2 protein chains.
Amino acid sequence: MVGIDDVARRAGVSTATVSRALSGRGHVATATRERVEEAAAELGYVVSASASSLATGRMRNIGVVVPFLNRWFYTSVLEGAQRRLMQYGYDLTLYNLSGSSNERSTVFETFLLRQRVDAVIAVSLELSAEEVDSLHALGKPLVGVGGPIRGVPTVSIDDVGVTRLATEHLLSLGHTVIGHIGGDVDAEMSFHMPTNRRLGWEDALRDAGVEPRPELYSPAVFTMQSGYVAAKQMLGDPRLRPTAVVVASDEMAIGVILAARDMGLDVPRDLSVVGIDDHELAPFFGLTTVAQFPEQQGERAVELLMRELDQSRDDEPANLQLPFELIVRSSTSRPRPEREQRG
Amino acid sequence: MVGIDDVARRAGVSTATVSRALSGRGHVATATRERVEEAAAELGYVVSASASSLATGRMRNIGVVVPFLNRWFYTSVLEGAQRRLMQYGYDLTLYNLSGSSNERSTVFETFLLRQRVDAVIAVSLELSAEEVDSLHALGKPLVGVGGPIRGVPTVSIDDVGVTRLATEHLLSLGHTVIGHIGGDVDAEMSFHMPTNRRLGWEDALRDAGVEPRPELYSPAVFTMQSGYVAAKQMLGDPRLRPTAVVVASDEMAIGVILAARDMGLDVPRDLSVVGIDDHELAPFFGLTTVAQFPEQQGERAVELLMRELDQSRDDEPANLQLPFELIVRSSTSRPRPEREQRG
DNA sequence: GCGGCGATTGGAAGCGCTTGCGTCGGCGTG
DNA sequence: CACGCCGACGCAAGCGCTTCCAATCGCCGC
C-alpha cells in the first residue's frame, strides 16, 4: 500500500508538505505542489480515509436516514443528496428504517453514534427530542427534509400551499364540488404533512366561499391501491360525486384515475384529478399535478449541512421552503355543464 | 469525547484489556469483561471508527454501486443488502451512477479506492476488467448482483429460465401465438439480461414446436410508458395479434395492460399478459408474473461478501442462482376459442 | 514438590495522517 | 544597511485504537 511517505520521498519533500500540498491547506510553493501532485499521481496514491479521519476528526461522510426506500420521494431525495455530496467529496451512508421495528433504535443508538458520520440528514422523520439531542451532544449537525423538527434546520415545501394551489387551479376552472383524498395521519411517519395538505384544500375552498364538505375528504395511505379504493368509495354515489379531486400524491392520484375509468367515468370530462409530486409516471397518465422537486430538496439539505459543518453554527436553524409548481396536463378541465352532468 | 482510556480507568484495567473485552477477541476473564462492559455502558463509550479502522485496516463498511435509484429492483436489492449488513454491524455507503455521465469514473477512481470500504457490491453493472482489477489490486472483494461478471462471484436469477417459465405457463393454458416485449439491449446497462429473457421465450416456444415469430418480439426500455408504446404497436393489427405476451418486467407489463384497455381489449379474455418481477404494483393490476426476490438477492450478496471477507478467498468465484416463482393472478387465462377470437 | 502450560493482563509500538511550532531565507521598510 | 515579517517547509507529537510480546499466576501431571 503506497503511503504518504512514499510520495514524500519521491517528491523530495517532507510528509507534512505532501499533506499540505494535497489537501490545499497551508502554504506550499506552486512548484512544490506540482511536484507532489505528480508524484502522487504516478504512485496512484490515495489518502487513507481512516488515518486522515483520526487525525482531523472528520469523516467526510454523512448519514442519511430514510423511513422507506421503495418510494419515489425518498429515492429522489437520496439521489439529489448523493449527487451533491459527491461533488463536495463526501460519501453517503444509508440507513433505512423500514426493516425490523427496532431498527430505528439500533440506527440511532449504535450506528449514528459510532463516529462514522459527520452529520445526518433525516428524511421525512419525526425525530424525538432525545434523538436530536444525542446527535447534537456529539457535535453532529442534523438537518431534516420534509416537515419541521424542533431546533433543527429543515428543507421542505409548504404543504398547505401545495394543496391550496391545486385546489385553486380546480376552482379557477369552475369546479366547486371538490374532494380531497389525502394521507392517513396514523399510517405514515411524516407527521404533519397529511394534515397540512388537507388544510390547504380547506383553506382554498373557504377563501372561495365554499365550505369543505367532510364527506368529500377521504383518508388513504400513499399508495396507488389505496387511492383507488378511496376513489371508488368517494365516487360511488353519483349524486354526491365531486366534479374534481385534489389528491395528496401522484401515486394515489393515478389510483384515482384508474378507479374512475373502471367506473366508466371519463377523466377529465366527468372528473378532474390533480395530484402532487410530479412523479415519473405522471406524464404517462396525463396527470395534472403540483410538482415538488425532491432531488432539489436533497441537494439543498446537503448545502445546509455543509454550511453548518464549515462555519461554527452561528445562525439559528433555518427553515428552507422550497418551490413547487403547478403542471397542467390532461387530467383537469372545466366541469361539464350542470344539466349535462346530471344526465 | 469519552475514549478507551476513560473506560480502562473506570474498570481498573488496561486499555488493551478493554479493547479485548469489547471486541471479543483474545481471552478475557468473564468477571473482567463484565466490569468493562459495565463501565463502557455507564460512560456511553463507543469505539472510534476511524481509530479502530486505522489500527485494524478494516472499515466495516461496504460500498454498493447502483446504476439507478428510482427503480423498484435496485431499491429492493439495496433494502435487502442494507438489512443484512446492519445485522453484521456493517455500514452501507451508496454510490449512484445515474448522475452525470462521468460519475462512473469518479466513483471508481476516487471514491471506491479511497480506502473507505472493505468491499463492494455492484448491482446490475457490467464492470470492465480494469474496474474489477483495480478493486482486486487493493484487496477489496467484489460481488455482483444480476448478470455474471468475469472472475467475480455473483448472485442472480436464471434469466432464460424466468421467461421460459412465463412462456410455458402461457403454453399450458393453450396459447400458441405468444409475443414478447423485452429489454432493449442498448438502452440498459444490465447487459445480457434482456437477451437472455428473449432466449427463454424462444426456447420455450421451440420446445413446444412453435417457431417464434420475429414480428412478435418488440424491444422496449424497462418503463411502463415504453411497454405501453410497444404494446400499442404489437397489438395494432388484429390479424397479427398474439393472444398472449410475455413481458420482461412488471412495469412494462402494466403498460401493456393499460394499452390493451385503451384499445378496447379485455385482459385476459382477449390478451393474456405475464410479467416478471412481482413488483409492488403487480397485485393491484392483477398481473400474473414470475416473481424474483431482489431483497433476497441483496441479502445473499452480502453473505457472499462476508464469506470472502472472513476466509482467505479459497474457493473460486461462485455464481449463486436464486429462485424465482410463477404467481398466477388474473391477467392470464385460456385463449378465446378460435372462431370467437376472430369475431 | 517442581517444571510447564495456558489463561490473563499490561506495556508499548505502531496504524498513516495532520498540524502546531520552529527554522531558514528573501524581501520590504525606516 | 539592519530589522522584522512572512512565505515555505521540516520535525515530531499526537489522533484513539489494536495487538504482539512479555510478565504473572494458578493449576495439572509426574
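Just so it is clear: chains get the letters A, B, ... in the order the sequence lines come, proteins before strands, and each one is counted from 1. No hydrogens, no waters, no symmetry mates; every other heavy atom, side chains included, goes into these values. All of these numbers come straight from a predicted model, not from anything done at the bench.
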message: Can you list everything that forms a salt bridge (charged side-chain N to carboxylate O under 4.0 Å, His left out) with B/R33? Sequence neighbours excluded, please.
response: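 Scan of B/R33 (salt bridge (charged side-chain N to carboxylate O under 4.0 Å, His left out), adjacent residues dropped) gives none.
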
Which residues satisfy the side chain to side chain donor-acceptor pair (under 3.5 Å) test with [X], sequence neighbours excluded?
{"X": "B/S156", "answer": "none"}
{"X": "A/E295", "answer": "A/R83"}
{"X": "A/D159", "answer": "A/R197"}

message: Looking only at side-chain N and O atoms, does B/Y95 offer a donor or acceptor that is under 3.5 Å from a partner on A/D91?
response: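 The criterion, which ignores hydrogens and geometry beyond distance, is satisfied for B/Y95 and A/D91.
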
- prompt: Strictly by modelled atom types, are B/R84 and B/Q87 linked by a side-chain donor-acceptor pair under 3.5 Å?
  reply: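 The answer is yes; a qualifying pair exists.
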
Could you list all N or O pairs between the protein and nucleotides 21-25 of chain C that sit under 3.5 Å apart?
none

task: Shoot me the first and last contacting nucleotide of DNA chain D against chain A, ordered 5' to 3', at under 4.0 angstrom to non-hydrogen atoms.
output: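 Using the under 4.0 Å cut-off, the span is D/dA8 to D/dG16.
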
field: Residue pairs, two or more places apart or on separate chains, that pass salt bridge (charged side-chain N to carboxylate O under 4.0 Å, His left out) and touch residues 4-29 of chain A
entry: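 Sorted result for residues 4-29 of chain A: A/D6-A/R9, A/R10-A/E42.
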
query: Of the residues in residues 3-14 of chain B, which ones touch DNA chain C at a heavy-atom distance under 4.0 Å?
result: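 B/G12, B/V13, B/S14 - these, ordered by number, are the residues of the stretch whose heavy atoms sit under 4.0 Å from the strand.
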
field: DNA chain C contacts made by residues 28-40 of chain B, counting heavy atoms under 4.0 Å
entry: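 Per residue number, the list reads B/V28, B/A29, B/T32.
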
Whole-Å gap separating [atom2] ([N]) and [atom1] ([X]):
{"X": "A/R60", "N": "C/dT18", "atom1": "CZ", "atom2": "P", "answer": "11 Å"}
{"X": "A/H27", "N": "C/dG26", "atom1": "NE2", "atom2": "P", "answer": "19 Å"}
{"X": "B/L54", "N": "C/dA13", "atom1": "CG", "atom2": "P", "answer": "17 Å"}

query: Which part of the nucleic acid does B/S48 contact within heavy-atom distance under 4.0 Å: base, sugar-phosphate only, or nothing?
result: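 Sugar-phosphate contact only - B/S48 comes under 4.0 Å of backbone atoms but never of a base.
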
field: Sugar-phosphate only, base, or nothing, as touched by B/S52 at under 4.0 Å among non-hydrogen atoms
entry: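 Sugar-phosphate contact only.
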
- request: Taking side chain to side chain contact (heavy atoms under 4.5 Å, CB included) as the test, write out the residues that go with B/A55, two or more places apart.
  value: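 By the side chain to side chain contact (heavy atoms under 4.5 Å, CB included) rule, B/A55 matches no residue at all.
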
query: Any side-chain heavy-atom pair from A/M86 and A/Q82 closer than 4.5 angstrom?
result: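 They are in contact (side-chain heavy atoms under 4.5 Å apart), so the answer is yes.
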
Value rounded to 0.5 Å, distance of [atom1] in [X] from [atom2] in [Y]:
{"X": "B/Y88", "Y": "B/M306", "atom1": "OH", "atom2": "CE", "answer": "6.5 Å"}
{"X": "B/L97", "Y": "B/R104", "atom1": "CG", "atom2": "CZ", "answer": "6.0 Å"}
{"X": "B/L69", "Y": "B/S98", "atom1": "CG", "atom2": "OG", "answer": "6.5 Å"}
{"X": "B/F108", "Y": "B/S134", "atom1": "CZ", "atom2": "OG", "answer": "7.5 Å"}

query: Okay, side chain of A/E131, backbone of A/S128: is any donor-acceptor separation there less than 3.5 Å?
result: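 Checked: pair present.
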
Electrostatic pair B/E303-B/R300, nearest N-O below 4.0 angstrom: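 Between B/R300 and B/E303 there is a salt bridge, with a charged N closer than 4.0 Å to a carboxylate O.
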
message: Applying side chain to side chain donor-acceptor pair (under 3.5 Å) as the test, list every pair that has at least one member in residues 49-59 of chain B; sequence neighbours left out.
response: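 Pairs touching residues 49-59 of chain B that pass the test: B/S48-B/S50, B/R58-B/Y90.
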
task: With axes from five pairs an end, tell me the bend angle of the helix from C/dG1-D/dC30 to C/dG30-D/dC1, nearest 10°.
output: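 Between the first-five-pair axis and the last-five-pair axis there is 30°.
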
- prompt: With respect to the phosphate group of C/dG10, does any side-chain polar atom (N or O) of B/T17 fall under 4.0 Å of OP1 or OP2?
  reply: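 For C/dG10, OP1 or OP2 has a side-chain N or O of B/T17 closer than 4.0 Å.
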
Of B/S50 and B/R25, the one whose closest DNA chain D nucleotide lies more 5':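 Of the two residues, B/S50 wins.
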
